[in-house]
Number of protein chains: 2
Amino acid sequence: MFFSKSFGYALRSILYVVMVNETQPRVQIQEVAERLQIPKHFLGKIMKMLAKEKIIDSAKGPFGGFFVNDGTVSTPLLRLMELTDGLEQFQECSLRLKKCNADKPCPMHNRIVQNRNELITMFSSTTIGDLIRSDDKKFINSI
Amino acid sequence: MFFSKSFGYALRSILYVVMVNETQPRVQIQEVAERLQIPKHFLGKIMKMLAKEKIIDSAKGPFGGFFVNDGTVSTPLLRLMELTDGLEQFQECSLRLKKCNADKPCPMHNRIVQNRNELITMFSSTTIGDLIRSDDKKFINSI
DNA sequence: TGATAAAAGGATGCGGACATCTTTTATGGT
DNA sequence: ACCATAAAAGATGTCCGCATCCTTTTATCA
Ligand code: FES
Ligand code: FES
């Protein structure tokens with residue numbers, strides 16, 4: 001289940017930039033696209049958006065590229081999800097009925113609300129940096 | 001979050017048929033579509049599929065329509081999900097990497113696997129009948 | 001200052017989920 | 001036998017996520 005491709009691309013790209021930046025000041029789209037097997041031009045759009053939203057920074061010109069800024073590692077996953085997928089999926093009724101509320105719950109509501117809240121909590125409290133620290137460097141092979 | 005519209009339509013329609021069938025032997029697409037505010041022709045496709053898969057039964061001709069069968073109320077939600085959305089979303093990596101496995105977990109894996117398993121358990125163990133019993137008749141206004 | 005490199009930006013295309021409409025087939029009542 | 005009715009079937013259309021490509025802008029360096 002079930003995040004958009006954009007979310008996955010964005011997350012993996014940021015992780016890659018953060019890790020590579022430890023030894024290398026700039027990372028270019030070309031490199032990210034190749035290493036992470038992401039369509040280059042599509043990735044361009046995503047990283048441009050991430051830069052505009054100040055999740056990462058970018059520099060044009062020769063020796064340009066993308067690089068982390070002060071906020072990068074403390075970005076919560078929820079913020080990323082907001083940018084790529086929007087937050088409606090967390091807030092609206094799972095059956096897309098008018099309004100998810102405890103007074104007039106849809107048939108699924110009581111079965112799903114706890115699970116959903118746990119997910120929201122995880123997305124709110126987990127940051128980019130958390131992912132890197134917890135899994136150590138090992139997973140660079142699997143992003 | 002984040003079931004397909006088809007899943008929502010299917011679930012609500014079945015619930016409606018089950019409940020109405022207590023006092024009325026057949027239910028027609030027209031009626032379901034109006035009461036549940038679902039596009040009629042699209043609903044036709046879905047209910048045809050549900051009938052073919054024996055989740056409900058159908059009868060053509062005058063006084064025809066859809067009606068429950070012996071298995072309807074004991075259908076697990078997971079079976080419904082399988083028919084409308086497929087089960088891949090439960091099985092594959094949330095970042096759509098090759099294979100979700102504990103040996104080479106993606107960065108999200110450990111953050112999400114428990115939540116996902118809880119969801120699978122709920123979908124496996126909850127049936128159409130469960131939904132009707134637990135919420136009693138009240139929610140007929142909100143399907 | 002001009003050549004070059006890389007991101008920013010925009011136009012276009014593709015496929016699948018969602019939706020509508022029309023035709024065919026089966027059924028029960030007359 | 002015939003007709004009205006309703007599901008089955010299928011053709012067609014729309015929209016959006018995903019993807020590609022091309023042009024423009026900005027920065028660097030010889
Ligand atoms: S009312 Fe549907 S999930 Fe809350
Ligand atoms: S490896 Fe990605 S969710 Fe399990």
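Here is how names work: the chains are called A, B, and so on, in the same order as the sequence lines, proteins then strands, and each is numbered from 1.
- Cluster annotation: B:L77 is not connected to A:V113 through the hydrophobic network of ILVMFWY side chains, with a link wherever side-chain heavy atoms come within less than 4.5 Å.
- When rounded to the nearest whole Å, the span between CD1 of B:I29 and C1' of C:dA26 equals 14 Å.
- Where B:R96 and B:F63 each meet DNA chain D at their nearest nucleotide, the meeting point lying more 5' is that of B:F63.
- In plain terms, the two heavy atoms of B:S125 and B:D130 that are nearest each other are O-OD2, 3.4 Å.
- In this structure, the separation between OG1 on A:T127 and CZ on A:R133 is 5.5 Å, given to the nearest 0.5 Å.
- Annotation: proximity of residues 4-11 of chain B to DNA chain C (heavy atom, distance under 4.0 Å) is found for B:S4, B:K5, B:S6, B:Y9, numbered in ascending order.
- Note on ring orientation: taking the six-membered ring where Trp is involved, the planes of A:F123 and A:F7 are tilted (angle from 30° to 60°).
- Minimum atom distance to the side chain of A:S58 is reached by C:dA7, of the listed C:dA7, D:dA7, C:dG28.
- Here the nucleotide nearest the side chain of A:K60, chosen from D:dA7, D:dA27, D:dA4, is D:dA27.
- Put simply, CZ on A:R26 is 13 Å from C1' on D:dT26, counting in whole angstrom units.
- In this structure, B:Q24 places its CD atom where more than 12 heavy-atom neighbours from other residues, nucleotides or ligands lie under 6.0 Å away.
- In this structure, NZ in B:K5 is found 5.5 Å from CZ in A:R96, a value given to the nearest 0.5 Å.
- One interatomic measurement links the two molecules: CD of B:Q30 to P of C:dT20, which rounds to 13 Å at whole-angstrom precision.
- Of the inter-residue distances, the one linking A:K40 atom NZ with A:Q28 atom CD reads 10.5 Å to the nearest 0.5 angstrom.
- In this entry the distance linking CG of A:D85 with P of D:dC16 reads 16 Å, nearest Å.
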Q: Quick one: do B:S13 and B:I46 satisfy side-chain contact (heavy atoms from CB on, under 4.5 Å)? Show the steps, please.
A: CA-CA 9 Å; B:S13 298; B:I46 292 172; 5.9 Å; no

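- With A:R116 contributing its side chain and A:F90 its backbone, the two residues share a donor-acceptor pair below 3.5 Å.
- Within residues 38-55 of chain B, the residues having any heavy atom closer than 4.0 Å to DNA chain C are, in order of number, B:P39, B:H41, B:F42, B:K45.
- The nearest heavy atom of DNA chain C to A:P62 and to B:G61 marks one nucleotide each, and the one closer to the 5' end goes with A:P62.
- Here D:dA4 presents its C1' atom at 12 Å from CD of B:Q28, a figure rounded to the nearest Å.
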